[in-house]
2 protein chains.
Amino acid sequence: MLIGRGDLNVPVPELTISEVARQVGLQASAIRYYERIGLLPRAPRMSGQRRYDTTALYRLAIIQRARQLGFTLTEIRHLFFGFRDITRASERWRTLSQRKLAELDDLMDGIKAVRGVLKKLMTKCRCDTLDQCGKGIFQSTNRDVVARPLPASPRHREKYAKNLRA
Amino acid sequence: MLIGRGDLNVPVPELTISEVARQVGLQASAIRYYERIGLLPRAPRMSGQRRYDTTALYRLAIIQRARQLGFTLTEIRHLFFGFRDITRASERWRTLSQRKLAELDDLMDGIKAVRGVLKKLMTKCRCDTLDQCGKGIFQSTNRDVVARPLPASPRHREKYAKNLRA
DNA sequence: CCTTGCCTTAAAGTCGACTTTAAGTTGTAG
DNA sequence: CTACAACTTAAAGTCGACTTTAAGGCAAGG
């Protein structure tokens, strides 16, 4: 049965930014930030103030979840806008997830290597002084490190806290 | 047999900063930075320019190695200055390493959790649209997330590249 | 009318570990 | 003398993801 104009069940923007922030567990400033960088569409204003509907909550939920999974805002932007419109959400996730899994595997390998060296250091180091220690390190790293031209110091990587229950 | 004053086999500062940088695989600016923040002692100057002896190389070797193991400059400062003078190098390393190992274990747990969720996401998500997806996420996170007061977004953690051979 | 509380904006600050820049100095070679 | 390379300094810039600050707007309540 048809209903005349109006009420097409379109969500009405009625939430304030702090209400949204509370519901998704973000600070209002973060939401404004996401809007600024184009991750969220410009929210309509009521006498200057942003109003949100439930779809904004869903968008933010995705951003939140993606952040928990270690995606950068750039990657999340890709999730939203980096595919042809017809590409299904599940496929978008699959593409991004595959990349991220590979990254995580690399990261784990790195961590395992570090763990190994730390354990060896703990059990095997008998140095009295750091100078002694440093001399040993210097001479051994000379073998494989000094040869390389300019290693270009490793930059920022991801962070993975325990915000996700195992 | 005693030798008169001089030549007590004390290392003579003769290396320029760029020579040191080359030998330890750092940029000169990084070495200046370490001096500025007090991680390295102020190098003696010859007509205004820094000169280094081999002990500087050892210090830098330690810094380099510690950085590769994921220690922050603050932690390295602790390694150098955070113990009573008599504390042996090996014990200093053990103390720091233990802390770092615990940190790494936490980090690994976090990563494993994320990996699990990513894999589930890849195989289980059937969403056509991101809105659909977001709605699901929003409703499920509402159960365990919205309840918490203010999660205080997780900040910067470490980075672990593959600069260490496994 | 005034206060209160929530909102707005642009701009600057934060964190860590450096790098880059601008302006100047020193020693050496031609 | 000039050029050049290599050094010096303090200050500012970089990256990412925000937060904080300063200054102001707008509606409701007393």
Student: Can B:Lys100 and B:Glu103 be counted as an ion pair, charged N to O under 4.0 angstrom?
Tutor: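 So B:Lys100 pairs with B:Glu103 through a salt bridge.
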Student: Whole-Å distance between C:dG16 P and B:Arg77 CZ?
Tutor: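 To the nearest whole Å, that distance equals 10 Å.
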Student: Contact class for B:Ser47 vs. all strands (heavy atom < 4.0 Å): base, sugar-phosphate, or nothing?
Tutor: sugar-phosphate
Student: Regarding B:Thr129 and B:Asp131, do their side chains bring together a donor and an acceptor under 3.5 Å, going by distance alone?
Tutor: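 No, no side-chain donor-acceptor pair sits under 3.5 Å.
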Student: Quick one: is D:dT19 close enough that its OP1 or OP2 comes under 4.0 Å of any side-chain N or O from A:Gln27?
Tutor: yes
Student: Closest to the B:Arg32 side chain: D:dA27, D:dA6, D:dT9?
Tutor: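 Of the options given, the side chain of B:Arg32 lies nearest D:dT9.
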Student: Does either side chain, that of A:Gln23 or that of A:Glu19, offer a donor lying less than 3.5 Å from an acceptor on the other one?
Tutor: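 Side-chain D/A pair, A:Gln23 to A:Glu19: present.
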Student: Taking atom P of D:dC7 as reference, at what distance in whole Å does atom CZ of B:Arg51 sit?
Tutor: 8 Å
Student: Give A:Arg45 one of three labels, base, sugar-phosphate or nothing, depending on what nucleic acid heavy atoms sit under 4.0 Å from its own.
Tutor: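 Sugar-phosphate contact only.
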Student: Tell me: CD of B:Glu35 to P of D:dT8, nearest whole Å?
Tutor: 9 Å
Student: Would you mind reading off the distance between B:Arg22 atom CZ and D:dA6 atom C1', rounded to a whole angstrom?
Tutor: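 Going from B:Arg22 (CZ) to D:dA6 (C1'), I get 15 Å.
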Student: Between B:Arg50 and D:dC7, is there a side-chain N or O to OP1/OP2 distance below 4.0 Å?
Tutor: no
Student: Please give, in whole Å, the distance from C:dT8 C1' to A:Met46 CE?
Tutor: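 The distance from CE of A:Met46 to C1' of C:dT8 comes to 15 Å, rounded to the nearest Å.
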Student: Please tell me which of the listed nucleotides, D:dT19, C:dA17, C:dT19, lies nearest to the side chain of B:Ala30?
Tutor: C:dT19
Student: Taking the minimum atom-to-atom distance to the side chain of B:Arg67, which one of D:dT19, D:dA6, C:dC18 wins?
Tutor: C:dC18
Student: State which of D:dC18, D:dA6, C:dC6 makes the closest approach to the side chain of A:Gln49.
Tutor: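 Nearest listed nucleotide: C:dC6.
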Student: Without swapping roles, check the side chain of B:Arg45 against the backbone of B:Ala43 for a donor-acceptor pair under 3.5 Å.
Tutor: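 Side chain of B:Arg45 to backbone of B:Ala43: a pair is present.
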Student: If only atom types and distance count, is the side chain of A:Arg59 paired as donor or acceptor with the main-chain N or O of A:Leu39 below 3.5 Å?
Tutor: yes
Student: Roughly how far, to the nearest 0.5 Å, is the CD1 atom of A:Ile17 from the CD atom of A:Gln49?
Tutor: 10.0 Å
Student: Can you pull out how bent the helix from C:dC1-D:dG30 to C:dG30-D:dC1 is, comparing the axes over its first five and last five pairs, to 10°?
Tutor: 50°
Student: Think A:Tyr34 has a side-chain N or O under 4.0 angstrom from the OP1 or OP2 of D:dC18?
Tutor: yes
Student: Work out which heavy atom in A:Glu75 is nearest to a heavy atom in A:Leu96; give both atom names and the distance.
Tutor: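 In this case the closest contact between A:Glu75 and A:Leu96 is O-CD1, 3.4 Å.
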Student: Please give, in whole Å, the distance from D:dC7 P to B:Leu15 CG?
Tutor: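 Taking CG of B:Leu15 and P of D:dC7, I get 12 Å after rounding.
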Student: When you get a sec, tell me which of C:dA17, C:dC6, D:dT8 is the closest nucleotide to the side chain of B:Ile17?
Tutor: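 For B:Ile17, the side-chain atoms sit closest to D:dT8.
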Student: Could you tell me whether the phosphate oxygens of D:dC7, OP1 or OP2, come under 4.0 Å of any side-chain nitrogen or oxygen in B:Ser18?
Tutor: yes
Student: Can you tell me the distance, in whole Å, between the CD1 atom of B:Ile37 and the P atom of C:dG16?
Tutor: 11 Å
Student: Let me spell it out: for each of A:Arg36 and A:Arg42, pick the nucleotide of DNA chain C with the closest heavy atom. Which residue's pick is nearer the 5' end?
Tutor: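 Result: A:Arg42.
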Student: State whether B:Thr16 places a side-chain N or O below 4.0 Å from either non-bridging phosphate oxygen (OP1 or OP2) of D:dC7.
Tutor: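 It does, given that an N or O in the side chain of B:Thr16 lies less than 4.0 Å from OP1 or OP2 of D:dC7.
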Student: Provide the closest heavy-atom pair for A:Leu69 versus B:Val117 in the form atom of the first, atom of the second, distance.
Tutor: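 Closest pair (atom of A:Leu69, atom of B:Val117, distance): CD2-CG1, 3.6 Å.
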Student: Rounded to whole angstroms, how far apart are CD on B:Glu19 and P on D:dC7?
Tutor: 9 Å
